[in-house]
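Just below is one structure, and these are the notes that go with it.
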Amino acid sequence: MALKVYNTVSGKKEDFKPLEEGKVKFYVCGVTVYDHCHIGHARSGIVFDTIYRYLKTKGYDVTFVKNFTDIDDKIIRKSLAENIPWQEVGEKYIKSYYEDMDALNILRPTHAPRATEHIGEMIELVNTLLKKGHGYIVDGDVYFSVDSFRGYGQLSKRSLDDMMAGARVEVDEKKKNPLDFALWKSSKEGEPSWDAPFGNGRPGWHLECSVMSTKYLGNPFDIHGGGKDLVFPHHENERAQTEAATGIKFVNYWIHNGFVNIDREKMSKSIGNTLLIKDFIKDYHPEVLRLFFLSTHYRSPIDYSEKSIEDANNVLHRLYYTQERALETQKGKTVNPARYPEADELQNKFYEAMDDDFNTALALSYIFELSKNINKMVDDKDEGLIPLIAYANAVFLSLSDTLGLLKDDPGALEAREKVHHLSRIGLDVSFVENTINERIEARKNKDYRKSDEIRAMLLEKGILLLDTPKGTEWRIKHIVP
RNA sequence: GGCGGCAUCGCCAAGUGGUAAGGCAACGGUCUGCAAAACCGUUAUUCUCCGGUUCAAAUCCGGAUGCCGCCUCCA
């Protein structure tokens, strides 16, 4: 099975061939730590986590680097606004970042370097660029000269002429070309600064990624990822300055994920429609977000809406119930799984889909099919099928795991959600149990009117009753708060 | 103004030359006191429109319309 990856540079799917057999060097632009993460960060995190997991599933030895940009204008602004040292701003939001990413079951990278730990290497890079004639100094600022690098614009597919015609670039008299970007910024009084041969100051954006990626992965390396918005200017500039300095190719495959809209509108701070990960997971299981994102191809934009999230929530729970039912059949028994060819076939299709530029939407459909198969066998209530169920369930869980899904224990998850839901509506478990017992009495007496009333009353509170052969069970039917 | 992307069932969504996956919703059935859950079945001769290439097009080319992104910090 050959993995194909869409490469932003060529605009095509390409066969993936790592530089070194069996190994993948993978870099993703992390966050600038000046605020809590929103669901846009979650999408990027989940997309690249899925890619990371899949590369490992395919047997690659992956070195995965995701950086923190812990020095920039926004951090300085935040530090002034909140009157705390800029270092503390970074610390605070790095902590917040890990809380969110861990909650979303996003695997930690091999290395998570911070910009401020690599200032020395950044200064070296600026020096090299100056020496090679790709940079120039004006009033203590150092700029990269885009005209000095022939390949400028190749990644974002635009020519310098096109961009000049765009005319939305602010004209800065200091720059030789309006598109030139800062490599080093002189600091004002009271701002963080580092000593450098070309003057005290701090690194420009882009520099940290050039330095940290090549430091931990070598030059060139295999995959560089990030949000679509980073194609220009961030990755274009990163590429230009790195290749200008080294004279060789920087990255083989560029991968970019699409954006998250909210109710068909771009999510942005100015519109005020950002949704924080922390707020989302107050209401939903974190895997709901993962399932939602993975049901659309990573390069397409995705529209967040309450309805879509409710759908994803229902689907996720259905998958957990499938697993629970499968485990139920094996309870108290020693089961030797027996090969179930249909599961193998679905597994192959799953891998084929993932090999085709990480088509998670298609891959998920095979998980649904597997879930259906398992439910069917459970419904049959045939003891002889149990080894097949065990086998299918193992495949089901392993495929889910490569997408980072179904990590929770179904029983524990259900119990947690029950407690959560009941506390939100101000009831407790004993109330539900007493009410259910009341209904059981009514049913015994064939008082179906009362029985149905009780059921309707509980449903209004988001509590769904199921009369199974084993008795009455209840579930939470998620109600949007 | 420049560059790029998208348009597939009521909704979400896969599908880049070989005759329309999947999910949600809806409807019918099995099961049930009735439901629910689960399963089975039904639901796009058709992929925004117009033209072209081809034996064959949702998929390629040209045009039109509509939506979106980037060009400024942004995942």
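Model, not experiment: these values are computed from the prediction. Just so we're on the same page: letters track the sequence lines, and every chain starts at 1.
Look at CZ on A:Phe68: it is 13 Å from P on B:A75, rounded to the nearest Å. A:Asn237 has its CG atom 12 Å from the C1' atom of B:C71, to the nearest Å. Atom OH in A:Tyr27 sits roughly 13 Å away from atom P in B:A75 (whole-Å rounding). Rounded to an integer number of Å, the gap from CG of A:Leu104 to C1' of B:A75 is 13 Å. In this structure, A:Leu179 places its CG atom 12 Å from C1' of B:G2, rounding to the nearest Å. Taking atom CG of A:Asp35 as the reference point, atom C1' of B:A75 lies 13 Å away to the nearest angstrom. One can place NE2 of A:His234 at 16 Å from P of B:C70, the figure rounded to the nearest angstrom. Rounding to whole angstrom units, CG of residue A:Asn314 and P of B:A25 are separated by 7 Å.
With sequence neighbours excluded, the residues forming a ring pair (Phe, Tyr, Trp, His ring centres under 6.0 Å) with A:Tyr27 are A:His224, listed by chain and number. By the side-chain contact (heavy atoms from CB on, under 4.5 Å) test, A:Asn437 is found to be paired with A:Ile440, residues two or more places apart in sequence or in another chain being considered.
In the model, A:Tyr152 has a side-chain atom that pairs as donor or acceptor with a side-chain atom of A:Asn237 under 3.5 Å. For the residue pair A:Asn105/A:Arg53, the side-chain donor-acceptor check at 3.5 Å is satisfied.
Look at the C1' atom in both B:C67 and B:U72: the space between them is 23 Å, to the nearest Å. Rounded to whole Å, the P atom of B:G2 lies 14 Å from the corresponding atom of B:A64. With C1' as the reference atom, B:C12 and B:A7 are 15 Å apart, rounded to whole Å. If you take atom P in B:C6 and the same atom in B:C31, they sit 49 Å apart, rounded to whole Å. Here, B:U53 and B:C40 have their P atoms 46 Å apart, quoted to the whole Å. Nucleotides B:C71 and B:A26 place their C1' atoms 45 Å apart, quoted to the nearest Å. Atom name P, nucleotides B:G41 and B:G5: the rounded distance is 40 Å, in whole Å. Only the C1' atoms considered, B:C27 is 25 Å distant from B:A14, to the nearest whole Å.
In the set B:G23, B:A75, B:C73, B:C73 carries the atom at the smallest distance from any side-chain atom of A:Lys74.
Closest approach of A:Asp180 and A:Ser145 over heavy atoms only: OD1-CA, 3.4 Å.
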Under 3.5 Å donor-acceptor pairs involving side-chain atoms of residues 257-265 of chain A, not counting sequence neighbours:
unit_1	atom_1	unit_2	atom_2	d
A:Asn257	OD1	A:Gly227	N	3.4

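Taking the six-membered ring where the residue is Trp, the centroids of A:Phe221 and A:Tyr216 are separated by 6.0 Å or more.
Counting only residues at least two apart or in different chains, salt bridge (Lys or Arg N to Asp or Glu O under 4.0 Å) contacts with residues 222-234 of chain A are absent.
Residue A:Val260 is classed as a base contact, given a heavy-atom separation below 4.0 Å to a base. Looking at heavy-atom distances under 4.0 Å, A:Gly227 makes contact with sugar-phosphate atoms alone, never a base. As judged by a 4.0 angstrom heavy-atom cut-off over every strand, A:Leu364 is placed among residues making no nucleic acid contact.
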I'd like to compare against my own output: the B/S/- annotation of nucleotides 6-21 of chain B with a strict under-4.0 Å heavy-atom distance to protein.
-------SSS-----B
Protein-to-nucleotide contact annotation, 5' to 3' order, nucleotides 28-43 of chain B [B base; S sugar-phosphate only; - none; under 4.0 Å, heavy atom]
-----BBBBSBSS---
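Within the shown strands, B:C55 is the pairing partner of B:G18 under the Watson-Crick or G-U definition, both distances less than 3.5 Å. Across all strands shown, B:U45 forms no Watson-Crick or G-U wobble pair with both key distances under 3.5 Å. Base pairing analysis places B:U72 opposite nothing; no Watson-Crick or G-U wobble pair with both distances below 3.5 Å involves it. The base-pairing partner of B:G33, taking Watson-Crick or G-U wobble contacts with both distances under 3.5 Å, does not exist among the strands shown. In this structure, B:G28 forms a base pair with B:C40, meeting either the Watson-Crick or the G-U wobble geometry with both donor-acceptor distances under 3.5 Å. As the counterpart of B:C67, B:G5 is assigned, both hydrogen-bonding distances of the Watson-Crick or G-U wobble pattern falling under 3.5 Å.
With A:Phe26 as the partner, the ring pair (Phe, Tyr, Trp, His ring centres under 6.0 Å) test is satisfied by one option alone out of A:Phe64, A:Trp254, A:Phe16: A:Phe64.
Within a 6.0 Å radius of NZ in A:Lys4, other residues, nucleotides and ligands contribute 12 heavy atoms or fewer.
Taking the nucleotide of RNA chain B with the nearest heavy atom to each of A:Val315 and A:Lys228, the more 5' of the two is matched to A:Val315.
With respect to A:Lys266 and A:Asp303, no salt bridge is recorded, no charged nitrogen being found less than 4.0 Å from a carboxylate O.
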